[in-house]
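Written below as structure tokens is the structure these notes are about.
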Amino acid sequence: MSQPNDFFERVYEVVRQVPYGKVTTYGAIARFLGAAKSARTVGYAMNAAHHLEDVPAHRVVNRIGMLTGKHHFGGINTMQQLLEAEGHTIIDDQIQDFETVLWQPKKEL
DNA sequence: ACCGTGACTGACG
DNA sequence: ACGTCAGCCACGG
């Protein structure tokens, strides 16, 4: 349906709307869905979304811009490489100028 | 139905 | 400023 009832699908809907060259956080997605305290569950959803090609999971990081989920992309540096390919600079698993490339659905939508 | 787990976050010392 | 602790919620066994 146009309005998914499953929590996971709602998470995917938001992630799919993250613009190229931008990133967002688990908490931002959770708050946008009205479940501010379900950030962990959002991460859990990403884990399950890993098999979906239309869900840019690499654009979702934690609140400080660290690639905490890099190990879930198969290769240790896969997530970093994907982000660098979009123009981001990553040092020590952290996105540089994170606040500049941050995309918040709560504000943008 | 209960328990453990986790790609998080905010609060505390 | 930094490391540690506890709360949260959805899913699988």
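Protein chains get the first letters and strands the later ones, always in sequence-line order, with residue 1 at the start of each. As the structure is a prediction and not an experimental result, all values here were calculated from the model.
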* Determine whether A:Thr25 and A:Val60 make a side-chain contact, defined as any pair of heavy atoms from C-beta on separated by less than 4.5 Å. => no
* Asked: Atom CZ of A:Phe32 and atom CG of A:Leu109: how far apart are they, to the nearest 0.5 Å?
  -> 4.5 Å
* Carefully, step by step, assess A:Tyr12 and A:Leu52 under the rule side-chain contact (heavy atoms from CB on, under 4.5 Å). => CA-CA 9 Å; A:Tyr12 306 154; A:Leu52 302 175; 3.8 Å; yes
* Structure fact -> Rounded to whole Å, NE2 of A:His72 lies from C1' of B:dC8 at a distance of 12 Å
* Asked: Atom CG of A:Leu67 to atom P of B:dC8: distance rounded to whole Å?
  -> 12 Å
* So does A:Glu13 pair up with A:Arg10, basic N to acidic O under 4.0 Å? -> no
* Asked: Would you call A:Glu86 and A:Arg59 a salt bridge, using N to O less than 4.0 angstrom?
  -> yes
* Structure fact -> chain A reaches DNA chain C, atoms under 4.0 Å from its heavy atoms, from C:dG7 to C:dC11
* **Residues in contact with DNA chain C, drawn from residues 19-51 of chain A - heavy-atom cutoff 4.0 Å** => A:Lys37, A:Ser38, A:Arg40, A:Thr41, A:Tyr44
* **Straight-line distance of A:Phe7 CZ to A:Ser38 OG, nearest 0.5 Å** => 4.5 Å
* To do: Calculate the interatomic distance between A:Asn62 atom CG and B:dG10 atom C1'; express it in whole Å.
  => 13 Å
* **Contact list for residues 43-82 of chain A, test ring-ring contact (aromatic ring centres under 6.0 Å, His included), sequence neighbours left out** => A:His50-A:Phe73
* Mind checking who B:dA7 pairs with, Watson-Crick or G-U wobble, both distances under 3.5 Å? -> none
* What's the CG-C1' distance between A:Asn77 and B:dA7, to the nearest Å? -> 16 Å
* Residues A:Leu83, A:Leu67; criterion side-chain contact (heavy atoms from CB on, under 4.5 Å); working and verdict -> CA-CA 10 Å; A:Leu83 288 170; A:Leu67 284 56; 3.9 Å; yes
* Rounding to a whole Å, what distance do you find between A:Arg63:CZ and B:dA11:C1'? -> 10 Å
